[in-house]
Trainee: 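Handing you a structure now.
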Amino acid sequence: QVQLEESGGGSAQAGGSLRLSCSASGDTYSRGCMGWFRQAPGKGLEWVSLINSGNSGFSSGHSTDSVKGRFTISQDNAKNTVTLQMNSLKPEDTAMYYCVAEGAIRPGAACYTSESNYRYWGQGTQVTVSS
């Protein structure tokens, strides 16, 4: 089992920045790909940024097109954490953000972008961007 605890989030003005962090505990060796999904009011889940914690060395992760160039995902494997730095925020980034972990070790593999592939989910943290 992997437990995920999110921190960060909150409110920002358009053009501002926020940082989300997710700390994994429990069976962290098997956490696999980690990252973030989000759900805006009245909409479905959308993958945001994902990174493979099973990759040795530097891993840049990847992000959905709508946040590329604005959001950066990074990981600290020694601390079992992933961080999402969100810059140039837009009102359409307003959503509940969920930290996820796949729960499968696949070193070198690309991360799946479907929520059905992620076994572990955090409670979510709200991000609100005002215009």
Side-chain angles (χ1 to χ4, degrees):
Q1 295 287 321
V2 177
Q3 292 79 46
L4 303 174
E5 183 174 358
E6 300 124 333
S7 61
S11 299
Q13 295 284 328
S17 299
L18 288 172
R19 175 178 291 184
L20 305 182
S21 292
C22 178
S23 178
S25 60
D27 186 15
T28 58
Y29 175 75
S30 62
R31 65 190 186 279
C33 283
M34 288 185 67
W36 302 87
F37 279 72
R38 68 185 180 185
Q39 187 167 27
K43 296 187 177 180
L45 281 166
E46 173 190 32
W47 78 277
V48 179
S49 297
L50 298 161
I51 193 166
N52 193 334
S53 68
N55 291 343
S56 60
F58 177 76
S59 180
S60 62
H62 61 289
S63 298
T64 195
D65 286 347
S66 63
V67 307
K68 278 182 180 177
R70 301 188 297 120
F71 290 12
T72 302
I73 188 169
S74 60
Q75 63 180 346
D76 183 338
N77 279 341
K79 297 181 180 180
N80 299 318
T81 60
V82 292
T83 299
L84 185 67
Q85 179 65 43
M86 304 185 292
N87 299 327
S88 302
L89 284 163
K90 302 177 179 180
E92 51 263 44
D93 294 319
T94 295
M96 184 69 78
Y97 284 70
Y98 296 94
C99 178
V100 299
E102 184 180 0
I105 305 170
R106 299 183 298 114
C111 294
Y112 297 119
T113 58
S114 170
E115 64 267 25
S116 63
N117 293 109
Y118 292 85
R119 180 177 179 185
Y120 302 105
W121 291 70
Q123 292 297 310
T125 185
Q126 179 68 39
V127 170
T128 302
V129 184
S130 56
S131 58

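All heavy atoms count here, side chains included; hydrogens, waters and symmetry mates do not.
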Trainee: To the nearest 0.5 Å, tell me how far F71 CZ sits from S49 OG.
Mentor: 7.0 Å
Trainee: If every non-hydrogen atom of N52 is compared with every non-hydrogen atom of G32, which pair is closest and at what distance?
Mentor: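 That closest heavy-atom pairing would be OD1-C, 4.2 Å.
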Trainee: To the nearest 0.5 Å, how far apart are OG in S21 and NZ in K79?
Mentor: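 It comes to 10.0 Å.
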Trainee: Less than 4.5 Å apart, any side-chain heavy atom of E92 and any of V129?
Mentor: no
Trainee: Can you name the nearest heavy-atom pair linking A101 to L4, along with the distance?
Mentor: N-CD1, 3.7 Å
Trainee: About how many Å separate OH of Y29 and CD1 of I105, when rounded to the nearest 0.5 Å?
Mentor: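 It comes to 4.0 Å.
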Trainee: Got a sec: does the CD of E5 have more than 12 other heavy atoms crowding it under 6.0 Å?
Mentor: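 Atom CD in E5 is not packed in, count stays at 12 or less.
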Trainee: Strictly distance-based, threshold 3.5 Å: is any side-chain N or O of Q123 a donor or acceptor partner for the main-chain N or O of E6?
Mentor: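 Not at all, since once roles are kept as given, no pair shorter than 3.5 Å links the two residues.
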Trainee: How close do Q126 and A95 get, counting heavy atoms only, and between which atoms?
Mentor: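 Closest approach of Q126 to A95, heavy atoms only: NE2-O, 3.3 Å.
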Trainee: Would you confirm whether the ring centroid of Y118 sits within less than 6.0 angstrom of the ring centroid of F37?
Mentor: yes
Trainee: Checking Y97 now: which residues fulfil ring pair (Phe, Tyr, Trp, His ring centres under 6.0 Å) with it, not counting sequence neighbours?
Mentor: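 Partners of Y97 under the ring pair (Phe, Tyr, Trp, His ring centres under 6.0 Å) test: none.
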Trainee: Could you measure the distance from the CD atom of Q75 to the CG atom of N80? Nearest 0.5 Å is fine.
Mentor: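 The CD atom of Q75 sits 10.0 Å away from the CG atom of N80.
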Trainee: Could D93 and K90 be called an ion pair, given the rule that one side-chain N must be under 4.0 Å from one carboxylate O?
Mentor: no
Trainee: Give me the atom names and distance for the closest heavy-atom approach of N77 to S53.
Mentor: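 Smallest heavy-atom distance, with atoms named: ND2-O, 3.3 Å.
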Trainee: Nearest heavy-atom pair of T125 and G8: which atoms, and what distance?
Mentor: OG1-O, 3.0 Å
Trainee: Under 4.5 Å between any side-chain heavy atoms of Y120 and M34, yes or no?
Mentor: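 No, every pair of side-chain atoms sits at 4.5 Å or beyond.
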Trainee: To the nearest 0.5 Å, what is the distance between CE (M86) and OG1 (T83)?
Mentor: 11.0 Å
Trainee: Enumerate the salt bridge (Lys or Arg N to Asp or Glu O under 4.0 Å) contacts for residues 16-34, please, sequence neighbours excluded, ordered by first and then second residue.
Mentor: none
Trainee: Report yes if some heavy atom in the side chain of R38 is under 4.5 Å from a heavy atom in the side chain of V67; otherwise report no.
Mentor: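 Side-chain contact under 4.5 Å: yes.
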Trainee: Quick check against the 3.5 Å criterion: does Q39 have a side-chain atom that pairs as donor or acceptor with the backbone of M96?
Mentor: no
Trainee: Between T64, I51, V82, L50, which is the residue that forms a side chain to side chain contact (heavy atoms under 4.5 Å, CB included) with W36?
Mentor: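 It is V82, the one option of T64, I51, V82, L50 that forms the side chain to side chain contact (heavy atoms under 4.5 Å, CB included) with W36.
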Trainee: Nearest 0.5 Å please: distance from the CD atom of Q3 over to the SG atom of C99.
Mentor: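 If we round to the nearest 0.5 Å, Q3:CD and C99:SG are 12.0 Å apart.
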Trainee: Flag the pair V48 / I73 as yes when at least one side-chain heavy-atom distance between them is below 4.5 Å, and no otherwise.
Mentor: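 No, every pair of side-chain atoms sits at 4.5 Å or beyond.
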Trainee: Taking atom types as modelled and ignoring hydrogens, do the side chains of S114 and S116 form a donor-acceptor contact shorter than 3.5 angstrom?
Mentor: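 Looking only at side-chain atoms, S116 and S114 do form a donor-acceptor pair, the distance falling under 3.5 Å.
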Trainee: Write down the atom of G10, the atom of L18, and the distance for their closest heavy-atom approach.
Mentor: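 Closest approach of G10 to L18, heavy atoms only: O-CD1, 3.8 Å.
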Trainee: Counting C-beta onward and ignoring hydrogens, is there a side-chain heavy-atom pair between C111 and H62 closer than 4.5 Å?
Mentor: yes
Trainee: Test your reading of the model: is there a side-chain donor-acceptor pair from N117 to the backbone of E102, 3.5 Å cut-off?
Mentor: no
Trainee: Could you tell me whether the side chain of S88 and the main chain of R70 form a donor-acceptor pair under 3.5 Å?
Mentor: no
